[in-house]
Amino acid sequence: MRMEATPHRSSNRRSNRIGFWRLILTCTGFILAAAPNSQLHADIPWPEVVQRLAYENDKLARRPQGHNGEYFVVCTLYYTAMESGFTFERGFDATPVTKPGLHGRKYPRDFLRSVKKEGFGRITTPVNGRYYIRYNGSDSYAFASQATGGGGVLVPHHSAAMKVGHGGLRRGAVIETTSPELQKIFGSNRWKIMDTGGGLRQWQIDCYFGEDEPLGPGKLQGRPRATTFEYAYANARIVN
């Protein structure tokens, strides 16, 4: 999927989360030290989540007014990883490697893996004024001035992504979510759908957290250090 350069919505990304929280539960002490005020979750129970989403949205659709701009969603998180966090000292494979499109410049191997999953990464030293690397597909990368989605520059705690085909929930829509947990983690309840992707599920809204170093090596690098948030249900209403 490429609107512009939006591979962070790749199909690999969410499947790699399965089993992720099992690993977290074995590393609780480490995680709490990194984010002492965060709440741990279990694995996303996708069968139950899918069933709940279908049930709640069917109820909304059966109302005399139908959905009427209101949906029941599950909100998840993605972020832009920072090169500075990918060091040997933190347990990452920081071996310098280059890839097509990087013009011989080398970056930590795990950092480029994260860029491939998340779509963008922030580099420590800019190249011709560009502070980001984006994944273009087919193991090719490029330097970029900003982290973007199909709808423009990604805005932390405001931009979001979703799978196409959700009626009024379309790219460009602005929605308000009702969820105490989202408000606590993001400090926001208003989102603009700026990206789409086949790797997301129906009624799933992927909320952009912003830039951060990764939580840890291995599967933990798919999480920012600032939070252990994984998912939350929310009522969502289109407001634009």
Chemist: Output all residues satisfying side chain to side chain donor-acceptor pair (under 3.5 Å) with Tyr233, sequence neighbours left out; order by chain, then residue number.
Modeler: none
Chemist: Could you measure the distance from the CH2 atom of Trp46 to the CD1 atom of Ile44? Nearest 0.5 Å is fine.
Modeler: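 So the gap between those two atoms works out to 4.5 Å.
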Chemist: Within the distance-only criterion (no hydrogens, no angle test), does the side chain of Ser138 pair as donor or acceptor with the backbone N or O of Ser140 below 3.5 angstrom?
Modeler: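 Judged by distance alone, no pair lies under 3.5 Å.
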Chemist: Check side chain to side chain donor-acceptor pair (under 3.5 Å) between Glu213 and all other residues, then give those that pass, not counting sequence neighbours.
Modeler: Ser84, Arg225
Chemist: Applying salt bridge (charged side-chain N to carboxylate O under 4.0 Å, His left out), can you list everything that pairs with Lys99, at least two apart in sequence or on another chain?
Modeler: Asp139
Chemist: By salt bridge (charged side-chain N to carboxylate O under 4.0 Å, His left out), which residues pair with Arg170, not counting sequence neighbours?
Modeler: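 Arg170 satisfies salt bridge (charged side-chain N to carboxylate O under 4.0 Å, His left out) with no other residue.
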Chemist: Measure across Tyr78 and Ala160 and return the closest heavy-atom pair with its distance rounded to 0.1 Å.
Modeler: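 Here Tyr78 and Ala160 meet closest at OH-C, 4.3 Å.
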Chemist: Looking at Phe120, I'd like to know if the NZ or CZ of Arg134 sits under 6.0 Å from its six-membered ring centre while staying within 45 degrees of the ring's axis.
Modeler: no
Chemist: How far apart are the closest heavy atoms of Asp212 and Pro224, and which atoms are they?
Modeler: OD2-CB, 3.5 Å
Chemist: Looking at Leu77, is its backbone amide N or carbonyl O close enough to the side chain of Asp206 to form a donor-acceptor pair, meaning the two atoms are under 3.5 Å apart?
Modeler: yes
Chemist: Mind checking salt bridge (charged side-chain N to carboxylate O under 4.0 Å, His left out) for Glu70 and listing every partner two or more places apart, or none if nothing turns up?
Modeler: Arg63, Arg237
Chemist: Does the side chain of Glu230 pick up a donor-acceptor pair with the side chain of Thr76 at under 3.5 Å?
Modeler: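 No, no side-chain donor-acceptor contact under 3.5 Å.
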Chemist: Looking only at side chains, do Tyr132 and Glu211 share a donor and an acceptor under 3.5 Å apart?
Modeler: yes
Chemist: In chain order, what residues pass the ring pair (Phe, Tyr, Trp, His ring centres under 6.0 Å) check against Tyr141, with sequence neighbours excluded?
Modeler: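 Applying ring pair (Phe, Tyr, Trp, His ring centres under 6.0 Å) to Tyr141 gives Tyr135.
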Chemist: Could you report the tightest heavy-atom contact between Tyr231 and Pro45, atom names first, then the distance?
Modeler: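 Heavy-atom minimum between the residues: OH-CD, 3.5 Å.
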Chemist: Quick one: list whatever passes side chain to side chain donor-acceptor pair (under 3.5 Å) with Thr177, sequence neighbours left out.
Modeler: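 For Thr177, the residues satisfying side chain to side chain donor-acceptor pair (under 3.5 Å) (neighbours in sequence not counted) are Trp191.
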Chemist: Is there a side-chain contact between Lys192 and Ser159 (heavy atoms, below 4.5 Å)?
Modeler: no
Chemist: Tabulate below the donor-acceptor pairs under 3.5 Å that side-chain atoms of residues 104-111 make, not counting sequence neighbours, or state none.
Modeler:
unit_1: Arg109; atom_1: NE; unit_2: Asp93; atom_2: OD2; d: 3.0
unit_1: Asp110; atom_1: OD1; unit_2: Arg113; atom_2: NH1; d: 2.8
unit_1: Asp110; atom_1: OD2; unit_2: Asp93; atom_2: N; d: 2.8

Chemist: As an exercise, state the distance from OG of Ser179 to CD1 of Ile205, rounded to the nearest 0.5 Å.
Modeler: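 It comes to 12.5 Å.
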Chemist: How long is the straight-line distance from CD1 of Ile175 back to CG of Leu169, given to the nearest 0.5 Å?
Modeler: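 Rounded to the nearest 0.5 Å, the CG-CD1 separation comes out at 6.0 Å.
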Chemist: Is a side-chain donor or acceptor of Gln204 paired with a backbone partner of Arg201 at a separation under 3.5 angstrom?
Modeler: yes
Chemist: So which heavy atom on Ile238 is nearest to which on Asn240, and how close?
Modeler: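 Result for this residue pair: CG2-OD1, 3.4 Å.
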Chemist: Measure across Arg223 and Tyr79 and return the closest heavy-atom pair with its distance rounded to 0.1 Å.
Modeler: O-OH, 3.6 Å
Chemist: Dump the intermediate steps for side chain to side chain contact (heavy atoms under 4.5 Å, CB included) on Leu112 and Val97, then the final yes or no.
Modeler: CA-CA 9 Å; Leu112 293 182; Val97 297; 3.7 Å; yes
Chemist: Angle between ring planes, His157 versus Phe209, binned at 30° and 60°: parallel, tilted or perpendicular?
Modeler: tilted
Chemist: Supply the members, apart from Val239, of the Ile/Leu/Val/Met/Phe/Trp/Tyr cluster built from side-chain contacts under 4.5 Å; use none for a lone residue.
Modeler: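 Other cluster members: Val174.
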Chemist: Roughly how far, to the nearest 0.5 Å, is the CE atom of Met194 from the CE atom of Met162?
Modeler: 14.5 Å
Chemist: Please check if Phe229 and Val49 belong to a single hydrophobic cluster, counting links between Ile, Leu, Val, Met, Phe, Trp and Tyr side chain heavy atoms closer than 4.5 Å.
Modeler: yes
Chemist: Partners of Gln146 by side-chain contact (heavy atoms from CB on, under 4.5 Å), sequence neighbours excluded?
Modeler: Thr148, Val153
Chemist: Linking I/L/V/M/F/W/Y whenever any side-chain heavy atoms sit under 4.5 Å apart, do Met82 and Ile123 land together?
Modeler: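 Unlinked, Met82 and Ile123 end up in two clusters.
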Chemist: Would you give the length of the straight line joining atom CZ of Phe143 to atom CD1 of Ile133, rounded to the nearest 0.5 angstrom?
Modeler: 5.0 Å
Chemist: Among side-chain atoms of Thr80 and Tyr208, is any donor-acceptor pair under 3.5 angstrom?
Modeler: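 Side chains of Thr80 and Tyr208: pair found under 3.5 Å.
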Chemist: On a heavy-atom basis, which atom in Phe186 and which in Cys207 lie closest, and how many Å separate them?
Modeler: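 It is CZ-CB, 3.7 Å.
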Chemist: Report yes or no: does Arg90 contribute a side-chain atom to a donor-acceptor pair with the main-chain N or O of Thr87 at less than 3.5 Å?
Modeler: no
Chemist: Below 3.5 Å, can you tabulate the donor-acceptor pairs from side chains in residues 53-61 to any protein atom, sequence neighbours excluded?
Modeler:
unit_1: Glu56; atom_1: OE2; unit_2: Arg52; atom_2: NE; d: 3.1
unit_1: Asn57; atom_1: OD1; unit_2: Phe72; atom_2: N; d: 3.1
unit_1: Asn57; atom_1: ND2; unit_2: Leu53; atom_2: O; d: 2.9
unit_1: Asn57; atom_1: ND2; unit_2: Phe72; atom_2: O; d: 2.8
unit_1: Asp58; atom_1: OD1; unit_2: Arg62; atom_2: NE; d: 3.4
unit_1: Asp58; atom_1: OD2; unit_2: Arg62; atom_2: NE; d: 2.7

Chemist: If you count the non-hydrogen atoms of other residues, nucleotides and ligands that lie under 6.0 Å from CD in Gln183, is the total more than 12?
Modeler: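 More than 12 heavy atoms, drawn from other residues, nucleotides or ligands, come within 6.0 Å of this atom.
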Chemist: Show every salt bridge (Lys or Arg N to Asp or Glu O under 4.0 Å) that has at least one partner inside residues 145-156, sequence neighbours left out.
Modeler: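 Sorted pair list comes back empty.
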Chemist: Working to the nearest 0.5 angstrom, can you tell me the gap between Glu176 CD and Ser188 OG?
Modeler: 9.0 Å
